[in-house]
Amino acid sequence: MLRPVHSAVLLCLVVLLACGPADDGLPGPAREPTELPIPSVTISLSSKLTNLDILGSAHQPSIVTLYLIAGQLFRLNHDWSVEPELAESMEVSGDGLTAAVSLKEGLVYSDGTPVTSRDVVFAYTRNRDHPGPYFSILLEPIRQVEAPDSKTVVFHLKEPYLDLSLALAHMAMGIHPRSRIEEDPEYFRHPVSSGPYVLKEWTPGASKWVIEANPNYVRGPMAIERIELMAVPDPTSRVLQLAAGTIDYVYDLPVTARASLPAEVEAYPAPHNGQYHVAFNGGLPDSHPLRNAQVRQAISLAIDRDEINQKAFGGISPPARGFQYAGPLESLFNLPYEGKRNLAAARELLEETPFRDGFSVTLQAWGQRSGWTDAALVIAANLADLGIQVQVDPLEDAVASANLRSGGYEMQFSGLAAGPMTFFRSQWVPGSFWTEALRYRNPEVIRLVNSASVATDFDRRIELIHRAQELALQDMPLVPISERVVLVGSRIDRKILFEANLPPGTNPMVATMAELQRHADPSSAGD
Amino acid sequence: MSSGASPETARTTPSSAGVKRLLARTLRHLSRAALGALGVLLVTFTLIHLIPGDPVEILLGDAATEELVAKYRQILGLEGSLPQQFARYLASVAQGDLGTSIQTGQSVNSVVARTLPMTAWLIGVTVLMALLMALPLGVAAALLRGTWFDHAFRVATSVSLATPSFYFGLLLILLFAVRLGWAPVAGYQPGFPGNLQYLWLPALTMSGALVPILARVLQSSIAETMEQEFVETAIVRGLPAPVLVWRYLLRPSLAPTISLLGYILGQLLSATVVVEIVFNLPGMGTALVVEGVLLRDYPVVQGIILIFALIVVAVSFLSDTVSGWLDPRTRLS
């Protein structure tokens, strides 16, 4: 219920700002790239950092900070390719069941102690022995890890694993010194770093924490020497602080705020590596209209994705054309009519079902998220044209999530962000969150996704995963809506943020935060 | 015929009785506080567990499996029935331990210790600011009844009361922080007097709701006092205006305002929740919402609300005592 209020307030603020003098009290222009390295920037996140142990938390502040303060064997690039970080090279055996990784020479943590292959083995065994949220998705295919010498790590796999380097680039495989973790139960309150930054100030639950460039980082030095991360839960406060210059970078801005920002703040869309969708509860009684695949297909045809993009997301969220966002080769754009609305076709499909006279249904939305309730309202209006009466129910995040898990919903507007294969596994393979939430089981789809996951040949993987998407289209367990893109506001020159190692991670925030890992090389900053 | 008690005894007896009355009143307040705290604990515990949203699922995110959720539930001490969990919680609270945050692993006592000073400062500055504004306004409105000032006062206080604090706060930020640059947009640095730079604007925001109430009550109270005979006598005696206003008008009229201040502290505490979030202040209100409610961190929610309840009880006791000092009629009653 807060969303309309926030929007109204933002509108008032926009008007007030527009009426006032042009630049009173506002700081100067954004920093030029030639000023590198930038001594300090302040970045806002929407919540506080509560935990830095990968086994204990999956919140965005933890994810962002973990990627910045821990090195991995590999680091993700913006296009989902990976490049070595702490690893020098990786050699995979002919049968695809063994991978030997050599570490770079002279690797040390921020405190000067050496990074060893035993630490890498420990990163894996710790995940295996104390399963956290990521083990089953990423590290399950690994059977055993050993360190024959201090610079070599050998991964023995249960089956060929094309995405091994991707898994080793995940924060779950952040490398920390084994001895320190074993000796100090409070280690993750003050960890050392093998990554780009090192934690300098943090009290769990405090609103601000500080990281500084790790002088021993193997790929340093960093373009930004010090980053202050601040939790600013109120979106309007984020806008005001960005406008006033007390914050340099805001990841998730309300789209309505764009007009109110001063000229020196650049606002631009940042891909979130995911999609919005309408999820259907597959656990509803068989007699429920939404259990009918043709009804779900008709709903997909009746939804105007362009309208949602414009009205709910300010035009920054490209309409979906398939089950996965554009970019990765795994994506297949197989939505009929390229995802455009076709009400006649929708009516035709619905006519063939017992629900041709329409029905009533509740559409839940994550009410705290910018634009999500608005999108649900557009969908409700779209479906009214089809004779389906939709009541929109905006919920607190925790409640919406709990409903997905418990099956306490009919339809829910939600979203998923993940890497290409993880994206499909998360939706269609049993055991993962979305598959369980959707109660979706199609043995052939599961077989195809599993086969694609272990394919050693990339072309074969693409073929299999495309077939899975074709089959899923017939079932339509969820309706893809549009790509997840968020509005970023930055006082830091965009070139500094975008040119270099831009790992998207499995989380959009990670992608953007990792933009800050750029090397302090002025020659490339101005390219 | 015996005169009874000696003069000394006669002098000390009322004093002993006064001490006894004070002790009895203190004990009564303490027992009420204990009962109130127990009630607050029970209600908070029940409500936070009744609302949907599981802290373990939130902690683990999308990738949480059933097995993992069960495992973490055990690790975090969330297993067992609700009465069992409540009994465990009550036992630890009785020993002064408010529990451990599910999300951060920190003790709730340390969360309170970290956030309480900031909130106490905010409330202190707000009350001071509100009194400094409400006293002259209330006196002026009472003395100038029926004039244009009285009408303007009524309109202004109505508008102020009707404005939501988060909206009022944003307007003040826009004016004083963004436009004029007189205050930081948000944030906080501890340490007096530097912290006042960060507190005056949030305090002014909270005063927006407090001043109208206090000033209106004071206005009515003074108007009532003005009809008393002792005021007429004072006027006839030709006492100087400051003496007349303070001793004969303001002081006897302040008691209801001070009592009210104690009672509306609960409202003030709830206002801090909103204002702290708007101004990004790291106080108990922010901790309650951001660390507690949104993440379903049960111990944090329960601990902070318990502290809120105890503060309300303590301030209520304090305001009753101050009212008694200001107006002896309150003591007699």
Side-chain angles (χ1 to χ4, degrees), chain A residues 5 8-9 12-13 16-17 20-21 24-26 44 47-51 56-59 131-137 203-208 230-234 236-237 240-241 243-247 368 395-403 405-406 408 416 418 426 431-434 436, chain B residues 51-55 57-69 71-72 75 101-106 110-111 114-115 164 166-167 169-171 173-175 177-182 184-188 274 277-283 286-287 289-291 293-297 300:
Chain A
V5 178
V9 171
C12 291
L13 293 178
L16 281 168
L17 278 167
D24 287 8
L26 295 172
S44 84
S47 56
K48 298 176 178 183
L49 176 64
T50 55
N51 196 339
S57 181
H59 296 143
Y134 302 104
F135 183 80
S136 61
I137 292 179
T203 304
S207 294
K208 190 174 90 172
M230 279 174 59
V232 185
D234 181 50
T236 312
S237 184
L240 288 170
Q241 291 196 59
T246 50
I247 289 176
Q368 291 170 242
L395 299 171
E396 193 191 344
D397 286 8
V399 179
S401 175
N403 286 353
R405 188 175 291 278
S406 68
L416 169 63
S426 298
S432 48
F433 179 85
W434 275 104
E436 301 309 321
Chain B
I51 56 174
D54 185 285
E57 288 172 11
I58 295 170
L59 182 73
L60 297 173
D62 284 0
T65 59
E66 265 181 44
E67 301 78 48
L68 208 56
V69 169
K71 185 184 166 193
Y72 270 79
I75 292 170
S101 162
I102 294 170
Q103 302 291 337
T104 65
Q106 280 200 309
S110 72
V111 174
R114 169 165 54 83
T115 55
F166 80 91
Y167 181 68
L170 289 172
L171 291 179
I173 290 174
L174 199 63
L175 177 65
V178 177
R179 288 283 151 200
L180 300 173
W182 291 358
V185 176
Y188 183 71
V274 176
I277 287 175
V278 169
F279 285 88
N280 208 31
L281 299 171
T286 305
V289 174
V290 179
E291 293 175 45
V293 176
L294 291 180
L295 299 177
R296 297 291 187 275
D297 200 332
V300 171

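Every chain is numbered from 1, with letters handed out A, B, ... down the list of sequences. Being a predicted model, the structure only gives us computed values, none of them experimental.
Side-chain N or O atoms of A/Ser237 include one that pairs as donor or acceptor with a backbone N or O of B/Val278 at under 3.5 Å.
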* Just do the side-chain contact (heavy atoms from CB on, under 4.5 Å) check on A/Asp397 and B/Leu294 with the steps written out, would you? => CA-CA 8 Å; A/Asp397 286 8; B/Leu294 291 180; over 6 Å; no
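A/Thr236 contributes atom OG1, which lies 11.5 Å from atom OH of B/Tyr167 (distance to the nearest 0.5 angstrom). Taking CG of A/Asn51 as the reference point, atom CD of B/Gln106 lies at 10.5 Å (rounded to 0.5 Å). Distance check: B/Leu295 CG to A/Thr50 OG1 gives 7.0 Å after rounding to the nearest 0.5 Å. The distance from atom CD1 of A/Ile247 to atom CG of B/Asn280, rounded to the nearest 0.5 Å, is 7.0 Å.
Put simply, the side chain of A/Lys48 does not reach to within 4.5 Å of the side chain of B/Thr104, judged on heavy atoms.
Only the side chain of B/Val290 comes within less than 4.5 Å of a heavy atom of chain A; its backbone N, CA, C and O stay farther away. Heavy-atom distances place the backbone of A/Ala231, and not its side chain, under 4.5 Å from chain B. Contact annotation for B/Ile173: only side-chain heavy atoms (C-beta onward) come within less than 4.5 Å of a heavy atom of chain A.
Minimum heavy-atom separation, A/Gln241 to B/Ala186: NE2-CB, 3.2 Å.
Of the listed residues (A/Ser47, A/Ala398, A/Ala402, A/Pro204), the greatest number of heavy-atom pairs within a distance under 4.5 Å of chain B belongs to A/Pro204.
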